There are 2 protein chains.
Amino acid sequence: MPFLLPQLDLPVNQDKILQSLIADNLVSDPESARGRLLREAARLFRDKGYERTTVRDLAAAVGIQSGSLFHHFRTKEEILKAVMVETIRLNTAVMQAAVNAANTNREKLRALISAELESINGQTGEAMAVLVYEWRSLSEASQAEVLKLRDLYEALWLDVLNALKRDGALVADPFIVRRMLTGALSWTVTWYRPERGGLTREDLTDQVIAMLGLSSK
Amino acid sequence: MPFLLPQLDLPVNQDKILQSLIADNLVSDPESARGRLLREAARLFRDKGYERTTVRDLAAAVGIQSGSLFHHFRTKEEILKAVMVETIRLNTAVMQAAVNAANTNREKLRALISAELESINGQTGEAMAVLVYEWRSLSEASQAEVLKLRDLYEALWLDVLNALKRDGALVADPFIVRRMLTGALSWTVTWYRPERGGLTREDLTDQVIAMLGLSSK
DNA sequence: CCATACCAAGCAAGCGCTTGGTTTGTAAAC
DNA sequence: GTTTACAAACCAAGCGCTTGCTTGGTATGG
């Protein structure tokens with residue numbers, strides 16, 4: 001399957017990937033007016049939900065009047081869509097790089113799990129939570145657009161899981177495992193607090209691998 | 001730990017449990033005006049989200065005027081809370097019965113997984129989805145109330161998982177496994193469609209057990 | 001007779017978004 | 001090097017509508 005995003009050098013350099021995407025106009029520069037708004041929007045949408053977040057909240061978060069928002073975006077929903085689209089673009093590129101950097105299928109899966117945990121609980125965490133939990137606030141037309149991008153992302157996982165199934169390392173169905181992992185990993189956003197508590201992201205990755213019965217064998 | 005809900009006969013009879021809870025005034029009769037409203041509210045809250053669901057929507061769903069709602073509930077939020085509280089009461093009782101009906105710890109875990117999948121994807125599915133995904137729409141005071149009930153529910157899981165850990169059947173940390181399972185199982189509501197597709201609930205339970213490396217050994 | 005359940009009407013507040021006009025950054029024209 | 005031109009970015013004000021909820025009154029069943 002052809003993959004259109006640029007292939008990047010190893011090891012995974014998240015900042016380099018970001019710069020590349022900004023250059024291609026696929027993601028907004030976080031320091032631009034648009035980028036700052038999207039980051040604040042992601043935070044507000046996650047904290048209060050899309051519906052409870054008003055355009056006045058969004059405007060206040062970046063220090064402008066509510067009406068001025070509509071100079072940058074035609075509707076409030078367009079802001080939500082932009083958060084989702086840019087997030088999924090960035091994360092697909094990062095995950096792709098993580099997979100490329102790994103050698104065995106086991107390592108690839110570990111890289112995917114670790115990278116997704118980082119996506120969910122790191123810098124892009126707010127936006128990832130929005131992507132997962134505000135899905136139904138998007139119009140159907142927008143859902144279809146985002147879904148196409150999401151399919152690319154999911155293909156990364158399924159390739160690796162299918163390979164592990166062929167190897168005999170995985171017993172359960174790859175589709176189902178991926179769906180279970182989607183739920184399990186995205187749910188960490190509700191309870192995992194790496195800053196207070198000894199569990200590092202790598203520890204958590206180990207736990208997931210152990211849960212799947214794939215520990216270092 | 002004392003458990004205050006009534007212990008019921010085996011095998012698990014969901015209807016009997018429901019009748020018992022209705023008698024104790026812990027859950028509304030689904031055929032009463034209040035019960036019908038709560039069922040419709042759960043459906044609407046899940047489909048459109050709490051915020052997008054208006055009191056006019058809720059009233060129309062049971063065929064009354066919007067103002068008349070406030071004869072039964074003081075605020076819209078009280079409706080959300082009632083949906084959550086009654087759902088968690090019912091499901092705790094059902095799960096408790098399911099655990100009691102099983103003999104080994106492996107069977108108990110299987111019963112819990114199967115029962116939670118039933119809760120999420122069966123009759124009470126709408127309400128369970130609301131319980132999971134509309135949490136932040138509750139005021140903090142209400143959250144604290146519901147949290148107490150949820151702790152009872154979670155204790156059921158942790159007892160079984162801790163026992164499996166002691167047996168050596170489980171490698172990963174019980175707390176983490178439970179949280180992963182919470183995410184994974186509740187996420188099924190977004191993709192699992194038992195009616196169209198060969199995968200039965202028992203099949204899905206098998207897959208989860210297989211994923212955990214606990215298959216019939 | 002009276003509480004319970006409801007209706008018809010509408011209020012105050014907040015919502016997304018529009019409008020008309022002003023400031024600001026930039027770059028060519030002189 | 002100042003002037004002119006012009007679009008992008010923003011403000012102040014508010015419109016039209018929907019929201020959760022209230023009010024005063026009317027059926028209905030025991």
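Each chain gets a letter, A, B and so on, in the order its sequence line appears, and its residues count up from 1. No hydrogens, no waters, no symmetry mates; every other heavy atom, side chains included, goes into these values. All values derive from a computational prediction rather than experimental measurement.
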Should the pair Arg43(B)-Glu40(B) be classified as a salt bridge under the 4.0 Å nitrogen-to-oxygen rule? yes
DNA chain C-proximal residues of residues 135-143 of chain B, any heavy atom under 4.0 Å: none
Taking C-beta and beyond as the side chain, do Leu149(B) and Thr92(B) meet within less than 4.5 Å on heavy atoms? no
Contact residues, residues 77-85 of chain B to DNA chain C [heavy atom, < 4.0 Å]: none
For the pair made of CG in Leu37(B) and P in dC6(C), what is the distance, rounded to whole Å? 10 Å
4.5 Å side-chain heavy-atom contact, Arg46(B) and Val189(B): yes
Quick one: on DNA chain C, does His72(B) or Tyr50(A) contact a more 5' nucleotide (nearest heavy atom)? His72(B)
Using a strict heavy-atom distance below 4.0 Å, which residues from residues 51-66 of chain B are in contact with DNA chain C? Arg56(B), Gly63(B), Ile64(B), Gln65(B)
Is a salt bridge present between Lys108(A) and Asp159(A), judged by a nitrogen-to-oxygen distance below 4.0 Å? no
When every nucleotide of nucleotides 20-26 of chain C is labelled 5' to 3' by its protein contacts under 4.0 Å (heavy atoms), B for base, S for sugar-phosphate only, - for none, what sequence of letters results? -------
Any Leu69(B) side-chain heavy atom under 4.5 Å of Lys76(B) side chain: no
Walk along DNA chain D from 5' to 3' and tell me the first and last nucleotide with an atom closer than 4.0 Å to a non-hydrogen atom of chain A. dA8(D) to dG14(D)
Indicate yes or no: at least one non-hydrogen side-chain atom of Leu38(A) is less than 4.5 angstrom from one of Arg34(A). yes
Tyr192(B) vs Ile120(B), test: side-chain contact (heavy atoms from CB on, under 4.5 Å). Steps then yes/no. CA-CA 10 Å; Tyr192(B) 178 51; Ile120(B) 290 165; over 6 Å; no
Of the non-hydrogen atoms in Ala127(A) and Thr87(A), which two are nearest, and what is the gap between them? CB-OG1, 3.0 Å
Please enumerate all residues that pass side-chain contact (heavy atoms from CB on, under 4.5 Å) together with Arg36(B), with sequence neighbours excluded. Arg39(B), Val62(B)
Is Lys81(B) positioned over the aromatic face of Phe73(B), cation under 6.0 angstrom from the ring centre and no more than 45 degrees off axis? no
Basic-acidic side-chain contact under 4.0 Å: Arg178(B), Glu116(B): yes
Flag the pair Thr75(A) / Glu78(A) as yes when at least one side-chain heavy-atom distance between them is below 4.5 Å, and no otherwise. yes
CZ of Arg34(B) versus P of dA5(C): gap in Å, rounded? 11 Å
Distance-only donor-acceptor check, side chains Arg201(B) and Ser114(B), under 3.5 Å: yes
Contact check, side chains of Ser142(A) and Leu80(A), non-hydrogen atoms, under 4.5 Å: no
Just say parallel, tilted or perpendicular for the rings of Tyr133(A) and Tyr133(B), cut-offs at 30° and 60°. tilted
